[in-house]
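A short worksheet on the structure shown next.
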Amino acid sequence: MRKPQFLSRLVFVMAFFSVTNTIIAQVTFPENGVDDPRHGYYAFTNATIVKDGATILTNATLVIKDRKIIAVGTTIKAPVGAVEIDCKDKFIYPSFIDIYADYGITTPPAPQSGGAGGGGFFQPQQLTSNAKGPQGWNQAIKSDVDAYKIFTVDDAKAKPLRDAGFGTVLSHVQDGIARGTGVVVSLADEKENLVIIKERASAHYSFNKGTSSQSYPGSMMGSIALLRQTYLDALWYKNKPAEEGFNLSLQAWLDNQNLPQIFDANDKWNDLRADRIGDEFGVQYIIKTGGNEYQRMKEMKSTNASFIVSLNYPQAQDVEDPNEARFVSVNDMKHWEMAPSNPAAFEKAGINFCLTTADLKNVNLFWANLRKAMEYGLSENKVMEALTKTPATLLGVYNKVGSLEEGKLANFLITTGPVFNEKTVIIQNWVQGKKYSVNGDAWTNIAGVYNLSVNNPGGTESFTLDVKGNSSLTMFGKDTLNTKFSDDGKIVKLSYAPMVHRQRPADLNAGSGQPGREQRPGGRFPGGYGGGAGQADALPASATRLTGVSYGTEWNGTGTDSLGNSFTWTARFLKAAVVKPDSAQKKEIPVIGKVVYPFEPFGWEESQQP
């Protein structure tokens, strides 16, 4: 009887320790200091929520907790314990996804010498690979590179992407003909292990051998031949031939074939070349464009590929100098005219595509170039899809990002209106449940008329403030005053002084022998008199300065006058600003020339092709 009793106690003790270990072993990263985990629990109420490109909820609530969305809908109440944020008149959208980036990846150094590798055509050539380890014979085949192994969080580079509305990117090492695998990461400023969403998300290829110093390949023909040969070598290596031993490049190549295959073609003809290689070996590439695909849309459609479309457009040609204008080709002029229509051409042809910030000189150009593409016919619904659902679906992460649904990561934007409207401002970008302010002062619309009471030592003065925005107002008492104003949603700063009206002396040119200067309309003269272009004078050192705190419809604080006397002041909201109807007419699609075949002067239009 004692043996069964002993066994039962042993089982109980083992079960106890296993449960204890489960409870204690939460994370493997030690905390250097007091462990203070912050479990973000928020309810965003009264918002217009765009769950995806097809579903819009009005007066809805979004609830997030511990980096994820736990509820979204129109009948949800803010849970007990959640921080409630009133989003009346605000819009909430899924954060955008960029499927082609190098964020967090160190760019390999460029080769030290030009030419076709190995020191240039007339220099000693490097015929064999100098890569260390069991790699294949050509350095341009870097299929064993995994971006997630070298990825590092870089908040300085993440910020401009977040400010543009992005919350997730696919990063890879943009070097070589076979570039290894890409990693899907969020743009949160967290540890690397927390921001990686999918470690091996894609395989990447190009026709550019990159930093390889090996002589071969030295041409487009050589790059195509190397790709085709590597496909054939990998099929042969699949049977593990003893005479080959272990080939890391070919093994990685085989391991990567079950991933989405992304090809950086970067030109309409290279798009077709890449597709033909894929057809030969049963691979359907996702093709990154070069911006001139609108010239051959039928051929693009026939590839059955999905495309990654850049918003990079050519700069306007300088034709001011007639001597230089002679060297500007009609091809370049026509491409400059038609390049912004490239995304709309993909939509019109019914081709699946994503949008990317790749190739832009600066991420800050993203919105300007996107709106230009929309002027040329790209629809809002397609833009929304190309920045959210389509890239997430292609990468197999739509169960985590790309829309606002229960269980997905809390990656979303809060805006002042429909996100693609020209006057809309992104207020905040939440990434994995963490707030990143973009234009925080735009949260509260303070526009309106206020009464300002300044309690000077000599008595109370009253002024009227006509507030236009967070950095603009008109202030007047007995006369209009010169002002400087700012409101960041919490702190209000206002300085003011009487406007100085300066007159040009009547005898300025008397006796100088110079003719009098012509007076401009409004009594102003070209030059430094009367304020130049009519702008307000800079505030003098004797200006009265106020600072205080905003409590919504009332502002209170202290100030200092020109004599250094301190006083208190209060501004009270009187009435809202009159909302003027938007008089801006919808921009019509620009009239552009027709595509000709070939894309040269005197080419045939499509209907006229022989």
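Just so it is clear, the model here is predicted, and its values are computed rather than measured.
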Legend entry - Electrostatic pair K288:D359 at N-O distance under 4.0 angstrom: yes
Legend entry - Test of ring centre spacing under 6.0 Å for F346 and Y294: no
Legend entry - Under 3.5 Å donor-acceptor, S310 side chain and A358 backbone: yes
Legend entry - Charged N-O contact under 4.0 Å between R179 and D264: yes
Inset, instruction - Please confirm whether the backbone N or O of K65 pairs with a side-chain atom of K68, one donor and one acceptor, at under 3.5 Å? - result: no
Inset, instruction - Evaluate ring-ring contact (aromatic ring centres under 6.0 Å, His included) for F353 paired with F307, printing each intermediate quantity in order. - result: CA-CA 5 Å; F353 70 94; F307 287 81; 9.0 Å; no
Legend entry - ring-ring contact (aromatic ring centres under 6.0 Å, His included) between F207 and F263, intermediate numbers included: CA-CA 9 Å; F207 288 126; F263 203 108; 4.8 Å; yes
Inset, instruction - For residues P343 and L355, report the shortest heavy-atom separation together with the two atoms involved. - result: CB-CD2, 4.5 Å
Inset, instruction - Kindly say whether M300 contributes a backbone atom to a donor-acceptor pair with the side chain of T303 at under 3.5 angstrom? - result: yes
Inset, instruction - State which residue, out of R200, H204, Q261, fulfils the side chain to side chain donor-acceptor pair (under 3.5 Å) condition with N256. - result: R200
Inset, instruction - Please confirm whether the backbone N or O of K382 pairs with a side-chain atom of S379, one donor and one acceptor, at under 3.5 Å? - result: yes
Inset, instruction - Report the relative orientation of the aromatic rings in W367 and F96; use parallel for angles under 30°, tilted for 30 to 60°, perpendicular for over 60°. - result: tilted
Legend entry - Pairing of K268 and D271 as salt bridge, 4.0 angstrom limit: no
Legend entry - N/O donor-acceptor pair under 3.5 Å between S171 side chain and Y103 backbone: yes
Inset, instruction - Decide if the gap between the ring center of Y100 and the ring center of H172 is smaller than 6.0 angstrom. - result: yes
Inset, instruction - Measure from the side-chain N and O atoms of T230 to the backbone N and O of L226, and report whether any donor-acceptor pair falls under 3.5 Å. - result: yes
Inset, instruction - Considering only NZ, NE, NH1 and NH2 on the basic side and carboxylate oxygens on the acidic side, decide whether D441 and K490 come within less than 4.0 Å. - result: no
Inset, instruction - Begin from the C-alpha positions of Y450 and W555 and carry the test ring-ring contact (aromatic ring centres under 6.0 Å, His included) through to its verdict. - result: CA-CA 10 Å; Y450 295 72; W555 307 338; 4.5 Å; yes
Inset, instruction - Side-chain contact test, heavy atoms from C-beta onward, threshold under 4.5 Å: evaluate it for K90 versus I427 and give yes or no. - result: yes
Legend entry - Residues K389, D52: salt bridge by 4.0 Å N-O rule: no
